[in-house]
There are 2 protein chains.
Amino acid sequence: MSDATVDRGRIPRITVKDLARQLGMSVSTVSRAFYDDAVIAPETREKVLRRAVEIGYQPNPLARGLITKSSRIVGLVVSDITNPFYPEVMVRLTEQFQAEDFNVMLVVASPTRNEEEAVRVLLSYHPDLVVMLATTLSSAASASCRKVGTPVVFFNRVGSDENSYAVTCDNVLGGRLIADHLIDRGHRRLGFVAGRPDASTNVDRWHGFQARCAERGVAPPASTGGVAFSYEAGFAGALDLLNREEKPTALFCANDILAIGAMDAARRGLGLSIPADLSVIGFDDIGMASWSSHALTTVRQPIARMIDRTTALALALARGNAVQPAVERLPGELIDRNTTRFIDGQ
Amino acid sequence: MSDATVDRGRIPRITVKDLARQLGMSVSTVSRAFYDDAVIAPETREKVLRRAVEIGYQPNPLARGLITKSSRIVGLVVSDITNPFYPEVMVRLTEQFQAEDFNVMLVVASPTRNEEEAVRVLLSYHPDLVVMLATTLSSAASASCRKVGTPVVFFNRVGSDENSYAVTCDNVLGGRLIADHLIDRGHRRLGFVAGRPDASTNVDRWHGFQARCAERGVAPPASTGGVAFSYEAGFAGALDLLNREEKPTALFCANDILAIGAMDAARRGLGLSIPADLSVIGFDDIGMASWSSHALTTVRQPIARMIDRTTALALALARGNAVQPAVERLPGELIDRNTTRFIDGQ
DNA sequence: CTGAAAGCGCTTACAG
DNA sequence: CTGAAAGCGCTTACAG
């Protein structure tokens, strides 16, 4: 019974040695049983595997990683999680990785522990891959990953450097879709409530929106905000825009949470009715957007496909397959609910 | 330059050996520099540490864990994440653990990978501790943790077995607070919209509510739901209760999301006005509850304190300190906003 | 105070 | 097909 140094009351774990001793085999043989492509007699493998489940042995992936240089850990770095869009993404990504026998190490970047620091400690665990699920552009973090050869893929955000992987919704296209939707309905005085200015989602949506307005000969939209993707920011942004000389008749908010805040400001703060007095449109199509109290017209991110693409890409990268750095932009879809309307005149 | 077996294009990591060679020291000495309580000359330590940051060396916690039997990993198992209450908890717990140099391995239990299976793979990483952040009662999972000697603490949920650790809001008390609030305002026909029946939060809130009603001589509340903690369930639950013979004048919903669904049902579905025609009260005080479109009266969970207690407990446990198994119930606070009112008559 | 050695739990050439 | 040996990147008694 090995040298069971009782570590702080912790029970000594079962190891290959235990299994080997019990079966009268060498540790090498036992070890091989856990690899499908190892040369080992089928009956031997079966014996090992059967006994393993009996005594509850599982190879220690940490020790294994020391040898194989593969930890089967994927690091997930997250920062702004206030958007309900992200928890779902986190969970679904994690599920997918788990299904492929990768485990997720969660790291949160915050004011106290910034992204660079967070990535530094993450890297000490030697993840096979890191995926970034955050809203700000940071090249430093991805640079330190690259320095140690760890591939990184950005989810719903494009890295600031050329050679990184990213999968996002086509935010520029989304912005254009929204411009068309509003302009087609007769709106000419448009407003934009921005989220964080350093988020690629924010800038791309704005660019698309703006560009399409210009193409269709509509006056440049008024814009405000740029503090956060939050209810409060949406509330404040709408108030700002709607108190200006030239009141917009329609607001594009950089995401759904902003839009919900904006609607509350319009309704409760200003006594407006939506969509009668004001059209509002969001982006993301979070669950809440479909609630009858909001019934928000928005652009739905193709979240299932985005997650599929991310895991596929991630897994390929983690396996060491060479794949061209690229950003994949998947088109979103405009979901027309009840917060925009046709206006006459103009 | 060591035996750089180019592993799938991955860059060979810097190790103690590299550092030792560069400094002309032994690996033992270098290793000691990273432990505050190790005997080592101060200047030596400083030299090592300085050089380490220069070349970007960090001890590999995985290799370290092999020796120390401490992975500095805390496993976080999560299942029903649809409640916006949880993402915040996840992030804040993770931040706290990070601050103490623990890292979080996220594991999600789902229909495809149930809790037991999830815990099994988690345990293979030998976490120093696991915290359960889920809504269903499962003793199997905690049993397998105990079998390998890994402490588990339940957050906002009490384990089904006696000797485990848990920190929760005092849900029974919360239910009582709500009963008092409603009864004090003259309500006598009360309704309860349940969440998942297997969640301890749900049963405790219901018990407290019921018991207090009985104590104050109010007729037993009608109850419905019991499918999920979701908007849809709240919507359906309210519809059910409000279509009964004896319509309740006030609804206690087992959490805020249910309450928001219930309010939408009452308002949009039934044309009722809140609180004029119906009082509604929730539980949690998620961010959304304070939005002006909801302004929901609710019981606020003492989330900051709950998290502090959890990390304190967790850290003590992870350090191997003996602490009595116990469930800690922290009192919540009733936040009186705009969804309940006094009724006359009776 | 420092170093050589053993060992943590694994895997993987290398012989047989 | 199997086993003995070396080694992954660390830490920690044990000498000196």
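Just so we're on the same page: letters track the sequence lines, and every chain starts at 1.
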Please list, chain by chain and in numerical order, all residues satisfying salt bridge (charged side-chain N to carboxylate O under 4.0 Å, His left out) with Arg92(B), sequence neighbours excluded.
-> Glu88(B)
Which ring-ring contact (aromatic ring centres under 6.0 Å, His included) pairs, counting each pair once, include a residue from residues 304-323 of chain A, with sequence neighbours left out?
-> none
Which residues satisfy the side chain to side chain contact (heavy atoms under 4.5 Å, CB included) test with Ala99(A), sequence neighbours excluded?
-> none
All salt bridge (charged side-chain N to carboxylate O under 4.0 Å, His left out) counterparts of Glu54(B), not counting sequence neighbours | Arg51(B)
Grab the CG-C1' distance between Leu19(A) and dT11(C) for me, whole Å please.
-> 15 Å
Taking only the side-chain nitrogens and oxygens of Thr44(B), find out if one of them lies under 4.0 Å from OP1 or OP2 of dT2(C).
-> yes
Residue pairs passing the ring-ring contact (aromatic ring centres under 6.0 Å, His included) test with at least one member in residues 14-46 of chain A, sequence neighbours excluded, are Phe34(A)-Tyr57(A)
Near DNA chain C, under 4.0 Å by heavy atom, which residues of residues 23-42 of chain A?
-> Ser28(A), Ser31(A), Arg32(A), Tyr35(A)
Look only at the side chain of Asp128(A) and the backbone of Arg72(A), and say whether a donor-acceptor pair between them is shorter than 3.5 Å.
-> yes
Results of salt bridge (charged side-chain N to carboxylate O under 4.0 Å, His left out) for Arg64(A) - residues two or more places apart only = none
For residues 111-134 of chain A, pull every pair meeting ring-ring contact (aromatic ring centres under 6.0 Å, His included), keeping only residues two or more places apart or in separate chains.
-> none
Provide the full list of salt bridge (charged side-chain N to carboxylate O under 4.0 Å, His left out) pairs with a residue in residues 25-36 of chain A, sequence neighbours left out, each pair given once.
-> none
What pairs with Arg45(B) under salt bridge (charged side-chain N to carboxylate O under 4.0 Å, His left out), at least two apart in sequence or on another chain?
-> none
Measure from CZ on Arg13(B) to C1' on dC8(D) and round the result to the nearest Å.
-> 13 Å
dT11(D) OP1/OP2 closer than 4.0 Å to side-chain N/O of Lys69(B) = no
d(NZ, Lys17(A); P, dG7(C)) in whole Å | 8 Å
With pairs taken as Watson-Crick or G-U wobble and both distances under 3.5 angstrom, which stems of at least three consecutive pairs involve DNA chain C?
-> C:1-3 with D:14-16, C:5-12 with D:5-12, C:14-16 with D:1-3
Where along residues 54-66 of chain B does a heavy atom come under 4.0 Å from DNA chain D, residue by residue in number order?
-> Tyr57(B), Gln58(B), Pro59(B), Asn60(B), Ala63(B), Arg64(B), Leu66(B)
